[in-house]
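Reviewing the structure listed below.
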Amino acid sequence: DAGITQSPRHKVTETGTPVTLRCHQTENHRYMYWYRQDPGHGLRLIHYSYGVKDTDKGEVSDGYSVSRSKTEDFLLTLESATSSQTSVYFCAISDPTSGSTDTQYFGPGTRLTVL
Amino acid sequence: GNSVTQMEGPVTLSEEAFLTINCTYTATGYPSLFWYVQYPGEGLQLLLKATKADDKGSNKGFEATYRKETTSFHLEKGSVQVSDSAVYFCALSRSGSARQLTFGSGTQLTVLP
């Protein structure tokens with residue numbers, strides 16, 4: 001299994017509070033991604049990173065920001081959480097320079113509930 | 001834009017039955033196609049993939065063939081087991097260096113003994 005951990009694994013918070021989710025990898029992969037998973041929608045890309053301090057928006061980026069100060073860590077921040085951000089969040093990594101181009105490896109997920 | 005349409009679920013089968021989960025896609029260029037599987041309480045795992053037309057991906061008895069003419073990538077297995085119960089996601093990768101994935105909505109499979 002790819003070395004990807006996410007923290008916390010579960011979190012309950014209140015509307016309006018800031019929340020930061022962490023993704024940590026030990027594979028030294030260049031690309032990292034944040035997805036959210038909601039019933040009926042599959043997984044949707046929030047933000048991704050193609051290197052340290054290099055990030056870009058995905059299809060559902062409103063209300064989220066990201067940072068990547070080290071290769072191994074990719075942080076997702078909800079500046080002011082809303083109930084519509086209740087979801088399961090997955091981090092993924094990939095390394096297009098490896099033999100397995102295109103393949104993404106997923107972390108175990110973080111279940112976030114915003115009350 | 002790119003999109004993936006998956007067979008609506010849930011799907012319930014008896015052990016040893018034949019499985020087909022339909023997946024069709026819309027994409028520009030020549031995407032790579034994937035099937036991911038998610039077991040209860042876990043993240044997604046790559047099940048199989050195909051990177052060009054007529055390629056067949058296979059793993060653990062599952063197969064899918066990249067059909068450009070019908071823009072499809074249907075997942076099949078000849079004889080399912082209870083342990084195959086999971087959610088299955090079809091996905092495509094967009095062209096470009098970041099290779100972002102576009103997912104279908106997922107199909108819940110339950111296999112009964």
Side-chain angles (χ1 to χ4, degrees), chain A residues 1-7 9-10 21 23 25 29-51 54-61 66 68 74 88-111, chain B residues 1-10 21-27 29-52 55 57 59 66 73 75 86-108:
Chain A
D1 289 342
I4 310 169
T5 56
Q6 293 185 230
S7 59
R9 294 293 314 279
H10 301 272
L21 309 182
C23 176
Q25 60 144 330
H29 280 8
R30 180 181 171 193
Y31 290 88
M32 299 185 75
Y33 308 81
W34 276 109
Y35 292 89
R36 59 178 289 173
Q37 183 180 24
D38 303 291
H41 290 278
L43 276 76
R44 292 178 292 175
L45 182 66
I46 304 171
H47 282 280
Y48 65 97
S49 170
Y50 46 96
D54 291 323
T55 65
D56 206 348
K57 296 178 180 180
E59 63 176 301
V60 291
S61 60
V66 290
R68 191 167 178 203
F74 192 33
V88 181
Y89 291 86
F90 287 98
C91 174
I93 65 174
S94 72
D95 185 359
T97 62
S98 73
S100 239
T101 58
D102 293 352
T103 300
Q104 293 186 18
Y105 302 93
F106 285 79
T110 294
R111 183 173 295 276
Chain B
N2 297 332
S3 66
V4 175
T5 301
Q6 261 185 259
M7 170 181 180
E8 293 290 329
I21 301 178
N22 291 338
C23 172
T24 57
Y25 67 90
T26 302
Y30 300 94
S32 295
L33 300 174
F34 304 82
W35 278 100
Y36 279 85
V37 58
Q38 183 179 32
Y39 298 102
E42 298 184 9
L44 279 71
Q45 302 174 24
L46 178 66
L47 181 59
L48 54 85
K49 70 176 186 179
T51 57
K52 62 183 187 296
D55 269 2
N59 186 27
Y66 190 143
F73 193 56
L75 181 68
V87 181
Y88 293 81
F89 292 93
C90 185
L92 65 82
S93 72
R94 305 178 188 182
S95 56
S97 60
R99 295 290 184 182
Q100 301 165 51
L101 288 174
T102 298
F103 285 87
S105 57
T107 301
Q108 172 76 56

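Throughout, protein chains are lettered first and strands after them, A, B, ... in sequence-line order, and every chain is numbered starting at 1. These values consider heavy atoms only, across backbone and side chains, with no hydrogens, waters or symmetry-generated copies.
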Can you tell me how far the OH atom of A:Tyr48 sits from the CG atom of B:Leu101, to the nearest 0.5 Å? 12.5 Å
Judged by atom type as modelled, is there a donor-acceptor pair below 3.5 Å linking the side chain of B:Tyr36 to the main-chain atoms of A:Gln104? yes
Under 3.5 Å, is there a donor-acceptor pair linking the side chains of B:Gln100 and A:Glu59? no
Sort A:Gln6 into side chain, backbone, both or neither according to what part of it lies under 4.5 angstrom from a heavy atom of chain B. neither
Under 4.5 Å from a heavy atom of chain B, the part of A:Leu45 involved: side chain
So do A:Thr103 and B:Phe34 actually touch side chain to side chain, heavy atoms under 4.5 Å? yes
Run the side chain to side chain donor-acceptor pair (under 3.5 Å) test against B:Thr102 and tell me which residues pass, sequence neighbours left out. B:Arg94
Which heavy atom in A:Gly40 sits nearest to a heavy atom in B:Ser105, and how many Å separate them? O-CB, 3.5 Å
Sort out for me which of B:Ala91, B:Gly106, B:Gly104 touches chain A most, counting heavy-atom pairs under 4.5 Å. B:Gly104
Scan the side chains in residues 39-46 of chain B for donor-acceptor partners under 3.5 Å anywhere in the protein, sequence neighbours excluded, and list what turns up.
from: B:Glu42; atom 1: OE1; to: B:Gln45; atom 2: NE2; distance (Å): 3.3

If you count the non-hydrogen atoms of other residues, nucleotides and ligands that lie under 6.0 Å from CZ in A:Arg44, is the total more than 12? yes
